[in-house]
Amino acid sequence: MRQGRVFLASGLLKRAVIILAIFIFMSIFSLYFIFTKDNVDNIIYLGFSTLNIILLALLIEIFLYIKNNLIVPISHTKNFIDKLAAKEIIDPVSNLDFYHINKNIYEFFTSWVCSQNSLKYYMEYYSLLFDKSDIKILFIDAKDGSIMDASRRAVEFYGYSKGELLTMSIFDIRMQDNHKSQYQKHRLSNGEIKFVEVISTPVSLYFNDSYFMIILDASKAQERIQSLNNEISMIENNPAIVIKFIYSDKWLTTQLSSNADLLIKNENQEIDLKTICHSDDIEFLSLELDRKIKLENSIYDMKKELDRSYRFRLISGEYSWFRLFVSSKNINGQIEITMFLFDNNEQEILKEILTGKLKRYESRILSSNLLGFEYFAQSGAFKFSIDFIEFLGYKNSFDMGVSSIEDIYKIVYRDDIDILIEELDRYVDGISRLIECDIRLLRKDGSQIYTRIKAKALDTLNDSDEIIGTATDVSDHQNYVVQRALTDAIMLSSINGIMICDASGNILDINDSFSQITGYSKEEVIGKKPQILRSDRHDNVFYAKMWSDIKHFGSWSGKIYNKNRAGQIYLEHLVITAVKDEHDIIQRYIASFYKIME
């Protein structure tokens, strides 16, 4: 059917009818000569001429058919492919047969462009994950354990070069450990052994199984576990009061240590422990025991000591404070708790004394991040909290090396030292009631951190020369201020018109060049849609293609006709870019354009 339509569309049928008419006419003319003349030569000549005319017409028709249906469409197809190669998006044209060919080429080309952009996106995401993130990642072949790839942080952690890691297997760095532990031992290039937590995810690529391993440094966690185990061992080998009891409505004791007669008479082997626990402490102790039982032997509860001390009644009738260490196990459907009690009376008395002083300190804290420090005005000495020291990347105060005002240059940026000292002097002299300033602190690695310092005397400088202060990281705010200033500078200095829209397409801001080109002031366009510039020179397909490119490729650029405030239509070159957040969700659209003089 398609070939028949092409035959009709090409005009071949029309020309064939004309040729047939010529043939009939010449045949009638030949018969006339035959019956009216006796000259045979004339008849032969006439027949030969007729044959030549028919052949010539057929040759011309064949040539025109080949030209119109083969040569010209092929030429159009070549031009169409050349323009696609030059990334000029045009609609496919030609006769019906070649139109379908060109349409298939166009669909293949657009599919290829989309695939190319998708591949670029995934390559960038892979690069971001492996080369720019702070996650230690190993990509392991499941067959032989060979390391197929390693992130930048993993290379730094293990100390090998990336080339060396890719020639190794996971078994070369993982040590066999006969002791049951939730952490693995990995050997670094310098021979150091690190405890690590490994999170593995199986991945199948091209029928090959592999593992995506995230490596977490668990050395500090293992040190805490070892310290806790040592503490438990010490407790078990010391003369603590040990009580075993069934945890139910009544806490009936099942076993007592020999020194439990301080609390319970030897003849009372089975007694409800609640009866000797202080009534104000029973509710809190029950809640802690419930939590310990639920989290027993889990990674969420690594310590055996309860969070607070509790009071128990002695044989003498007085109450005494005890630190509690507990463990539990299930025996025939019942929960048996083993409790170790340590005399904690002296510590609780000291705690009460210190609590008052701590409350006075806490009432002077002016910041929420607790990066505290103390300054003694008379001696000029400084003391810093552990959080403050670790915040700057140091291990301890000795490592930081700042003990007096003379050493402050080690942690304060040189241009800000005078600001801090001036604030301290103003406060000491009684000019200001509070020390407050923004300065840049220096980390151990040399990087700068914008911080806000707030400080005040513990009481008054007449009663004490001790000044308590805190430092708050305000780098994010400072970066926002700088970024906002940079954005404003770009908006003011650009000769291109710039328009910023929210995710719904509402105009949030424009620059002066926008107003000069379009004639609209900022007050006239803020809150409106960009459609106020639409010239109606383009159909809906054009705009649908534009937004499709923005959605899939993140941007669109090209020439477009828009209309200014006076109603004049002008040609401009427009670039629209989508701004996405860390979750790949569009938050803003930025349009930049300049007028093209026609």
Side-chain angles (χ1 to χ4, degrees), residues 125-203 208-233 299 302-303 384-403 407 410-411 441-449:
Y125 183 80
Y126 183 85
S127 174
L128 178 66
L129 185 63
F130 265 70
D131 298 331
K132 297 181 181 179
S133 73
D134 292 333
I135 306 174
K136 295 179 279 291
I137 304 172
L138 294 178
F139 203 47
I140 307 298
D141 191 332
K143 295 180 180 177
D144 54 8
S146 60
I147 301 174
M148 302 166 62
D149 201 356
S151 68
R152 174 179 59 88
R153 283 296 186 183
V155 172
E156 295 174 357
F157 176 74
Y158 288 104
Y160 297 99
S161 67
K162 189 167 185 177
E164 290 175 327
L165 271 179
L166 297 185
T167 62
M168 301 168 65
S169 74
I170 189 64
F171 305 110
D172 295 329
I173 60 177
R174 186 173 69 190
M175 299 182 61
Q176 296 294 332
D177 191 359
N178 295 328
H179 300 287
K180 291 184 178 180
S181 175
Q182 67 187 81
Y183 302 125
Q184 298 181 10
K185 291 182 179 179
H186 282 197
R187 181 186 289 108
L188 308 186
S189 62
N190 59 5
E192 182 182 357
I193 305 300
K194 286 278 190 180
F195 284 91
V196 298
E197 182 178 359
V198 178
I199 303 174
S200 299
T201 302
V203 179
N208 292 328
D209 292 331
S210 54
Y211 283 94
F212 190 76
M213 288 187 175
I214 297 178
I215 309 299
L216 303 176
D217 189 351
S219 299
K220 290 185 177 180
Q222 183 63 28
E223 289 176 3
R224 294 191 186 99
I225 293 174
Q226 188 62 40
S227 175
L228 179 61
N229 290 335
N230 293 337
E231 186 175 353
I232 294 173
S233 176
I299 61 173
M302 304 304 298
K303 65 176 185 176
F384 299 91
S385 69
I386 297 299
D387 290 336
F388 192 105
I389 295 170
E390 293 180 350
F391 177 70
L392 295 183
Y394 295 93
K395 296 179 180 178
N396 47 51
S397 58
F398 180 80
D399 185 25
M400 189 167 69
V402 179
S403 58
D407 302 323
K410 296 180 181 179
I411 61 172
L441 295 182
L442 298 176
R443 285 186 183 271
K444 186 177 182 179
D445 60 7
S447 61
Q448 302 175 22
I449 307 171

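All values below were derived from every heavy atom in this structure, side-chain atoms included, with hydrogens, water molecules and symmetry-related copies excluded.
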Visitor: Quick one: CD1 on Ile199 to OH on Tyr211, what's the gap to the nearest 0.5 Å?
Guide: 15.0 Å
Visitor: Tell me, please, which residues at least two apart from Lys395 pass side-chain hydrogen bond (donor to acceptor under 3.5 Å, both in side chains).
Guide: none
Visitor: Does Ser146 form a side chain to side chain donor-acceptor pair (under 3.5 Å) with Asp144? I'd like the steps, not just the answer.
Guide: CA-CA 6 Å; Ser146 60; Asp144 54 8; 2.9 Å; yes
Visitor: Among residues at least two apart in sequence or on other chains, which ones pass side-chain contact (heavy atoms from CB on, under 4.5 Å) with Thr167?
Guide: none
Visitor: Are side-chain heavy atoms of Arg174 and Val196 found at a separation under 4.5 Å?
Guide: no
Visitor: In chain order, what residues pass the ring pair (Phe, Tyr, Trp, His ring centres under 6.0 Å) check against Tyr158, with sequence neighbours excluded?
Guide: His186
Visitor: Please enumerate all residues that pass salt bridge (charged side-chain N to carboxylate O under 4.0 Å, His left out) together with Lys194, with sequence neighbours excluded.
Guide: Glu192, Asp217
Visitor: What pair of heavy atoms forms the shortest contact from Ala150 to Leu166, and how long is it?
Guide: N-CD2, 4.3 Å
Visitor: List in chain and number order the residues that pass side-chain contact (heavy atoms from CB on, under 4.5 Å) with Asp172, two or more places apart in sequence or in another chain; answer none if no residue qualifies.
Guide: Met168, Ser169
Visitor: Apply side-chain contact (heavy atoms from CB on, under 4.5 Å) to Lys185 and Phe195, showing your working.
Guide: CA-CA 5 Å; Lys185 291 182 179 179; Phe195 284 91; 3.5 Å; yes
Visitor: Starting at CD1 of Ile386, measure out to OH of Tyr394 and round the result to the nearest 0.5 Å.
Guide: 14.5 Å
Visitor: Taking Glu164 for its side chain and Ser161 for its backbone only, find out whether a donor-acceptor pair lies under 3.5 Å.
Guide: yes
Visitor: Going from NZ on Lys444 to CD1 on Ile389, what distance comes out if it is rounded to the nearest 0.5 angstrom?
Guide: 11.5 Å
Visitor: With sequence neighbours left out, write down each residue that passes side-chain hydrogen bond (donor to acceptor under 3.5 Å, both in side chains) with Asn190, or none if nothing qualifies.
Guide: none
Visitor: Do Leu442 and Leu392 have side chains that get closer than 4.5 Å, going by heavy atoms?
Guide: no
Visitor: For Ser210 and Met148, which heavy atoms make the closest approach, and how far apart are they?
Guide: CB-SD, 4.1 Å
Visitor: Residues two or more places apart in sequence or in another chain: which of them pass side-chain hydrogen bond (donor to acceptor under 3.5 Å, both in side chains) with Ser200?
Guide: none
Visitor: Nearest 0.5 Å, please: how far is CG in Leu188 from CD1 in Ile173?
Guide: 9.0 Å
Visitor: Can you list everything that forms a side-chain hydrogen bond (donor to acceptor under 3.5 Å, both in side chains) with Glu156? Sequence neighbours excluded, please.
Guide: Arg152, Arg153
Visitor: Are Lys136 and Leu216 side-chain neighbours, meaning at least one heavy-atom pair lies under 4.5 Å?
Guide: no
Visitor: Going by salt bridge (charged side-chain N to carboxylate O under 4.0 Å, His left out), name the residues that satisfy it together with Lys410, two or more places apart in sequence or in a different chain.
Guide: none
Visitor: If I compare all heavy atoms of Gly145 with all of Phe171, which pair ends up nearest, and what's the gap?
Guide: CA-CE1, 3.9 Å
Visitor: Output all residues satisfying side-chain contact (heavy atoms from CB on, under 4.5 Å) with Ser403, sequence neighbours left out; order by chain, then residue number.
Guide: Asp407
Visitor: Would Met400 and Ile411 count as a side-chain contact (heavy atoms from CB on, under 4.5 Å) here? Give the steps.
Guide: CA-CA 8 Å; Met400 189 167 69; Ile411 61 172; 3.8 Å; yes
Visitor: Apply the test side-chain contact (heavy atoms from CB on, under 4.5 Å) to residues Ile449 and Phe391: give CA-CA distance (whole Å), side-chain angles for both, the deciding distance (0.1 Å), then the verdict.
Guide: CA-CA 10 Å; Ile449 307 171; Phe391 177 70; 3.9 Å; yes
Visitor: Could you tell me which residues satisfy side-chain contact (heavy atoms from CB on, under 4.5 Å) with Ser189, sequence neighbours excluded, listed by chain and number?
Guide: Tyr160
Visitor: To the nearest 0.5 Å, how far apart are CZ in Phe139 and OG in Ser151?
Guide: 12.5 Å
Visitor: Using side-chain heavy atoms (C-beta onward) and a distance below 4.5 Å, is Ile214 in contact with Val198?
Guide: no
